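In what follows, residues are counted from 1 in the order of the sequence shown. Predicted model only: the values in this text are computed from it and were never measured.
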Amino acid sequence: MSPRKANMESTIYLGSDGWWHGRVTMGVKNDGKPDRRHRRARTETEIKRKVKELEDLRDKGRAPKAGRKPTVAGWMETYLTDIASLKLRPRSLDDYWSKTRNDIIPGVGAHRLDKLAPEHLERMYRAMLDAGHAPSHVLKVHRILSRALKIAHRRRIIAENVATLVDPPTVDETETNPFTIQEAKAFLEAAARRPTSMRWIVGVGMGFRQGEVLGFRWPYVDLDAEMFHPQWQLQRLTWRHGCKDPHACGVRRHRFDPCPTDCATHKGYKRGCPKPCPKTCTRHASACPERKDGGLVFTRPKTKKSRNSVPIPPPFIPYLREHKAQQEELRAAAGDQWQEHGALFTRPDGRPLDPRADWEEFKELLAEAGIDDRRLYDGSRHTAGTILNELGVDMVTIMEILRHTQISQTRRYVKGRSHLSKDAMRRMGDTFMPGPEPATETKTETSASSAARARRRRRIR
């Protein structure tokens with residue numbers, strides 16, 4: 001009779017099926033029963049190696065939990081619904097869901113978490129790049145997936161986060177293209193002919209983000225103290241179903257077949273024909289009668305630093321007071337049609353400006369001012385930081401005005417100018433290689449010059 005195995009000791013044996021089997025005691029399951037894991041291999045050496053790996057994970061406290069592991073698609077849904085939603089801002093959560101539905105699930109969603117390999121991710125990234133996605137988009141997908149796998153590893157659902165073994169595409173930092181002082185003046189001159197001129201004066205002259213400018217509300221503007229208090233921002237969020245059966249709610253909008261190549265239905269769509277719906281589609285929440293949490297909403301800025309107060313330039317104050325008086329006239333003219341939101345910049349009926357229309361107006365103003373195309377961020381935030389630097393404002397003060405948490409972030413918003421570099425190098429040259437001093441007329445003849453003149457006369461004779 002063989003002696004009884006000690007507690008937590010593993011068992012290795014050759015089975016009647018010709019395979020070597022190993023059984024490792026990992027601990028206790030949630031129901032109190034022993035947690036015994038099984039491994040098998042063709043050779044005794046290989047089964048010993050597999051058993052040793054399990055024992056090492058157990059001894060280090062890194063053993064994955066017992067039970068069948070979820071697929072990547074199942075875990076991503078759990079992660080975004082129950083975990084990430086508690087921490088992420090609504091707009092960020094929408095972005096996570098979008099990239100999960102459109103990239104992660106079609107790419108690797110069917111793999112089980114414990115069977116996911118680095119090669120699967122590398123092939124997905126390669127396919128995304130070949131399909132025309134920018135490296136920055138692929139990098140964002142990698143970070144979302146890596147974060148979800150990190151949580152799964154922390155909870156011992158998997159033994160390792162395979163995303164840490166993959167090198168995502170390298171992304172070159174976007175070259176900023178802020179306005180020069182002359183371009184900024186030309187842009188504001190073009191904006192002065194529009195009712196929204198004050199919105200662009202504040203955006204370009206003070207470096208606020210688009211959502212912050214459109215989200216300004218009068219209770220947080222102190223004209224007497226000349227201070228802006230950016231406590232809110234305006235964002236467009238994705239609608240969510242408020243009904244009990246989202247799939248049945250959107251039945252009229254489900255499209256399971258791809259559009260034909262000569263599709264006329266979506267001819268005017270900027271992004272082309274929409275992708276076919278999955279069989280269990282729960283989208284189309286915008287058509288839900290009980291939709292919620294979407295549309296244009298006021299949200300809090302992302303960081304505490306972003307809510308810091310910013311001084312208003314004194315020359316702006318008279319124009320802001322005039323803007324407020326004009327808004328009061330619009331409110332009186334609209335009467336019952338006015339929708340009060342307390343917004344600083346509104347449409348004729350009191351609703352906040354639409355970010356999409358605001359972006360389109362920015363492009364129109366660029367064309368009217370004769371300025372080449374560029375990002376809205378370049379024409380506002382980067383422009384303010386760069387011009388403040390040209391005016392001699394120190395970097396720490398610029399950081400406070402732009403409300404950055406780190407000065408390294410502020411330096412990325414300040415672009416050097418060629419004329420400033422040329423002036424700096426001229427002063428550097430004057431320091432090391434001073435030019436010749438101007439000649440001065442000498443009326444008193446010295447003995448040395450008299451002797452030299454005498455020698456010249458003797459040579460001539």
Side-chain angles (χ1 to χ4, degrees), residues 89-95 98 136 140 174 176-179 183-184 187-188 190-192 194-218 220-221 228-238 270 294-303 305-310 312-313 316 320 323 327 341-347 350-369 371-388 398 401-405 409-410 412-415:
R89 295 279 176 175
R91 187 69 176 272
S92 299
L93 185 61
D94 284 348
D95 187 46
S98 174
S136 58
K140 185 64 178 293
T174 303
T176 62
N177 190 18
F179 291 153
E183 288 175 336
F187 180 86
L188 294 179
R194 294 178 179 246
T196 56
S197 61
M198 201 63 217
R199 174 263 179 272
W200 298 110
I201 292 174
V202 172
V204 176
M206 301 185 66
F208 286 110
R209 304 174 180 91
Q210 183 194 38
E212 293 171 341
V213 175
L214 303 185
F216 272 137
R217 306 168 94 170
W218 283 113
Y220 302 95
V221 179
F228 271 137
H229 305 286
Q231 297 295 312
W232 296 94
Q233 61 181 349
L234 187 71
Q235 290 187 323
R236 182 183 295 279
L237 303 182
T238 303
K270 293 182 179 179
L296 291 178
V297 297
F298 288 98
T299 62
R300 292 291 186 181
K302 188 174 182 179
T303 64
K305 187 79 172 180
S306 297
R307 297 196 289 269
N308 284 5
S309 301
V310 180
I312 304 175
F316 287 11
L320 284 169
H323 173 74
Q327 193 178 82
H341 293 276
L344 198 67
F345 307 111
T346 66
R347 286 177 264 189
R351 291 180 297 162
L353 295 176
D354 190 326
R356 294 173 183 169
D358 183 75
W359 179 86
E360 291 175 356
E361 185 177 42
F362 173 75
K363 297 297 183 177
E364 293 172 0
L365 290 172
L366 288 178
E368 292 177 14
I371 303 173
D372 59 332
D373 188 38
R374 63 195 66 190
R375 303 177 304 167
L376 177 56
Y377 224 57
D378 288 335
S380 56
R381 204 154 174 78
H382 287 284
T383 293
T386 301
I387 292 181
L388 284 170
I398 298 176
I401 293 173
L402 298 182
R403 293 157 294 124
H404 289 150
T405 55
Q409 185 180 10
T410 306
R412 294 199 296 270
Y413 279 72
V414 176
K415 183 176 182 179

- Item | Euclidean distance, Thr238 OG1 relative to Leu93 CG, rounded to 0.5 Å | 9.0 Å
- Nearest 0.5 Å, what's the CD1-CE distance between Ile201 and Met206? 12.0 Å
I'd like to check [X] versus [Y] (side-chain heavy atoms, cut-off strictly below 4.5 Å). Are they in contact?
X: Phe216; Y: Phe208; answer: yes
X: Phe298; Y: Leu234; answer: yes
X: Pro355; Y: Leu214; answer: yes
X: Leu402; Y: Arg381; answer: yes
X: His229; Y: Val310; answer: no
X: Arg375; Y: Asn177; answer: no

- Query: Does Pro352 offer a backbone N or O that forms a donor-acceptor pair with the side chain of Arg347 under 3.5 Å?
  - Reply: yes
- Task: Give a yes or no answer on whether the side chain of Arg300 reaches the backbone of Gln231 with a donor-acceptor pair at less than 3.5 Å.
- Result: yes
- Message: Run Asp372 and Arg374 through salt bridge (Lys or Arg N to Asp or Glu O under 4.0 Å) and show every step you take.
- Response: CA-CA 7 Å; Asp372 59 332; Arg374 63 195 66 190; 2.3 Å; yes
- Query: Do you see a donor-acceptor pair shorter than 3.5 Å between the side chains of Trp218 and Gln327?
  - Reply: yes
- Message: Would you say Trp200 and Glu361 are linked by a side-chain donor-acceptor pair, where the criterion is simply a distance under 3.5 Å?
- Response: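 Result is yes, a qualifying pair exists.
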- Item | Candidate pair Arg91 and Asp94, rule salt bridge (Lys or Arg N to Asp or Glu O under 4.0 Å), full reasoning | CA-CA 5 Å; Arg91 187 69 176 272; Asp94 284 348; 6.0 Å; no
- Is a salt bridge present between Arg194 and Glu368, judged by a nitrogen-to-oxygen distance below 4.0 Å?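 Yes, this pair counts.
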- Test ring-ring contact (aromatic ring centres under 6.0 Å, His included) applied to His382 - qualifying residues, sequence neighbours left out: Tyr377, Tyr413
- Query: Between Pro230 and Ser306, which heavy-atom pair has the shortest distance, and what is it?
  - Reply: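 Answer, listing the atom of Pro230 first, then Ser306: CG-O, 3.6 Å.
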